[in-house]
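Single-structure report; data block below.
Quantities reported herein were computed from a predicted structural model and do not represent experimental measurements. In each ligand, atom 1 is the first atom listed, and ligand 1 is the first ligand listed.
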Amino acid sequence: MTPVTPVADEPGTPATAEAVPQDPVEARARHDELARILRDARYRYYVLSDPPMTDAEFDALFRELEALEVAHPSLVTPSSPTQQVGAPIDTAFPPAEHPQPMLSLDNAFSRAELEAWADRVRRALAAAVGAAPDEEQAEPADAPRMRFTCELKIDGVAIDLVYRDGVLARGATRGNGVVGEDVTAQIATLEDIPYRLDVDDPPALLEVRGEIYYPLAAFEAMNEARIERGEAAFMNPRNAASGALRQKDPEITRQRPLSLWCHGLGALEGIDFASHRESLAWLREAGLPTDPQTTVVEQVDEAWDFVERWTSARHDVSYEIDGVVVKVDDLEQRQQLGFTARAPRWAIAYKMPPVEQETTLLAIEVNVGRTGKATPYAVLEPVLVSGTTITYATLHNEIQVRAKDVRVGDRVMVRRAGDVIPEVVGPVLGARPPDAQVWSMPHDCPFCGEPLVRPEGEAHHLCENVDCPNRLLESLSHLAGRGALDIEGLGEQTVELLVAEGLVTDLADVFRLKDRRDELLALEKWGEKRVDNLLAGIEAGRQQTLDRVLVALNIRHLGPTYAKALVRARSSLQAIRDATPEELEAIDGIGPVIASAVHSWFATPRNAELIDELIDLGVTTTADPGEVGPVDDQLAGWTVVVTGTLEGFTRDEAKEALESRGAKVTGSVSKKTSAVVAGADPGSKRDKAEGLGVPVIDESGLLHLLDHGRLPDA
Ligand code: IVH
């Protein structure tokens, strides 16, 4: 199989189908082969949550099959993948027939294809109302008025929800489009899915279509935790969502942060809508979430603007998207347009370039970080993935390399989602060179030559040499970094220079630089201003808060959250240093792993010396009064909804700030909601809150709430 992948930096490049064979025998053989590959891929995608290829590869093969069928119509049979939707149903869950079949969408890969679709729609509608489509004119005078809704195409798991008399009766996966799997018990655990619709006069039947997704931040955190424990990571958020949804035990599903966007309707009884946007507004009012990015436009040019805007902004939303869906808004027009065997004629999916690409793994090398952790990483044949060239990608640790079974020489899939560090997802096994060797961690540290050891029960190898030159460079960069002492003027290159010149040989030396002004001034291209800036940055760093000093020490596992917890409980460096592992473990928020890492760090003689030197040099050693004392839970019992865009917080940050004070943060407004925080473009939640008499506050109200534990006076 030779998958054809669209070029990543050109969103408009269609997947070029292989040349279609003219010879009928050859065509049939290729058709059989493609049908088999695509059926298997669908089964593995939908049923096993383990796709064997990227979406782009699937699309390319699918298009080749379509081209074959156009050239040789006799190849079209009801069992061809072009005539079917989804996958054969899996028997693990009871079958659930959808009130109305769940179809697929036709794809567009370029502006021209999107415009061609809109043109087909316009002509078909003109024909339906009896207006003769004019070949010459782009816009016939009597063309029917059209409106399109532009929606993000959520890369999640398709779901069908059935509400009878306003009560959730069933939830099912798509399955083969006609019959899916009954996952009612699983979806009922999602906070986003109301058991009862929030409407006065519920319809007898309402079939809602949507996409369940795993929010990106939660996905990354989960994968990080899995990798830290030495477990194999999930390939992407969609697989994680599918896996979480298809748990036999719904309690496991409940523990996963699955979310939902609704994007359409199926069968209806006792309710009717004139337009798609009207139906979305109704769903929102009824308590079913719809994506706030959805926009209504009148021209296909505007739809293309939406596509371009979101192709560059795809990482600005907290869920993974893989395209844009453009839909005819008017439901009567939709009826006139109708369906093909597998997809509606009234909608088209523009596919964005994939966040995964294939390339060759040239080598596996090892980096040694500031805490001594040895991390293997992939050296790749440079490849463009959603707009960025990737040459290196992390492989985390030896267990991950083995779990993924990636070998030097392999063709591998590389993934980059947003700001996340690029990652090797796995090998393309069909393309493995026969002599590819299983990889092992080298015996010795590539920087200092000391043996690399893997402590019992840990997934990572370590270089235990505290003088390892690479550890020094990395730990100095970390000390100066944003999360630690935030020293302006002490970036990576400056660190390298100062170490190379022998001006800095350990962390404490940074604070001795003020006595070495002349030597700094003697450095090539260093003038008064640069030296003053650096020294001022170091002086500010010296006065940073105690939790930042702790983070700057490069203690394994000790990030800002744990450092804050330590400082809260023990207000000085000396008190933290004197604590036994048991005393550390007794601190709220500190577990045995951190307790032991902190204790053994302070117990190491070299580190004890360093601490004494830092104290002599005047680095902060005691906490500010505000940093000490128990975590406040002054918002315990509060239920808060955050909606719209805030300026000083992301949605997640606002949530975290509220939760850290004991509040519960939920997605939908009800009578029980204590307050709604509404940023810019708050959507219907604000209206709903006002309708229910729930207090609505803005960002300054949120700050007041966080600071004082109560709403600002009206
Ligand atoms: S509308 C008749 N809108 O993409 C099908 N689908 O590749 C109407 N999807 O089956 C589907 N986001 O599971 C629609 N905003 C959106 C979507 C969306 C994701 C999924 C859906 C669909 C698949 C087609």
Side-chain angles (χ1 to χ4, degrees), residues 15 38 41-42 45-46 49 51 54-56 58-59 62-63 66 81-82 84-87 98-109 117 121 148-161 171-178 180-181 183 187 207-214 236-238 241-242 245 258-267 275-277 279-280 283-284 288-297 303 306-307 310 314 317 319-329 331 334-335 337-352 354:
L38 292 170
R42 274 188 174 156
Y45 177 110
Y46 288 107
S49 307
T54 61
D55 290 0
F58 184 93
D59 291 337
F62 194 88
R63 294 197 137 203
E66 283 180 327
T82 58
Q84 294 181 336
V85 182
H98 306 305
Q100 223 173 61
M102 289 175 84
L103 296 180
S104 197
L105 287 171
D106 282 333
N107 295 325
F109 293 92
W117 168 78
V121 166
F148 302 108
T149 37
C150 303
E151 298 176 10
L152 299 183
K153 188 169 184 301
I154 317 297
D155 195 9
V157 180
I159 194 81
D160 187 56
L161 304 173
T173 63
R174 176 160 59 182
N176 63 11
V178 176
E181 301 160 293
V183 287
I187 55 118
E207 189 185 14
V208 185
R209 302 277 160 78
E211 209 74 8
I212 288 185
Y213 64 91
Y214 210 109
N236 54 44
R238 183 185 60 220
S242 169
L245 192 63
L258 297 180
S259 296
L260 168 77
W261 290 132
C262 298
H263 54 60
L265 296 173
S275 69
H276 181 55
R277 88 201 121 104
S279 70
L280 292 178
L283 288 176
R284 220 161 27 236
L288 282 159
T290 62
D291 188 347
Q293 312 306 343
T294 299
T295 303
V296 182
V297 302
F306 186 90
V307 164
W310 281 103
R314 67 192 291 181
V317 277
Y319 39 92
E320 191 145 285
I321 59 173
D322 59 351
V324 162
V325 186
V326 183
K327 304 173 181 176
V328 171
D329 186 49
L331 298 189
R334 283 192 183 181
Q335 246 189 340
L337 291 162
F339 300 86
T340 67
R342 57 180 289 275
R345 290 200 184 87
W346 43 258
I348 189 103
Y350 170 84
K351 289 280 193 103
M352 289 171 180

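Glu151 and Thr294 form no side-chain donor-acceptor contact under 3.5 Å, judged by distance and modelled atom types alone.
Between Asp55 and Lys351 there is no salt bridge, since no side-chain N of the basic residue sits under 4.0 Å from a carboxylate O of the acidic one. Taking the charged nitrogens against the carboxylate oxygens, Arg314 and Asp322 have no contact shorter than 4.0 Å, which rules out a salt bridge.
Glu207 pairs by the salt bridge (charged side-chain N to carboxylate O under 4.0 Å, His left out) definition with Arg209, not counting sequence neighbours. Residues satisfying the side-chain contact (heavy atoms from CB on, under 4.5 Å) criterion with Glu320, sequence neighbours excluded, are Asp155, Leu216, Pro237, Val355, Arg415, Ala417. Take Ala108 and apply the side-chain contact (heavy atoms from CB on, under 4.5 Å) test, not counting sequence neighbours, and it matches Glu113, Ile348.
Ordered by chain and residue number, the residues placing a heavy atom less than 4.0 Å from ligand 1 are Leu103, Ser104, Leu105, Glu151, Leu152, Lys153, Ile154, Ala158, Arg174, Glu211, His263, Val325, Lys327, Pro344.
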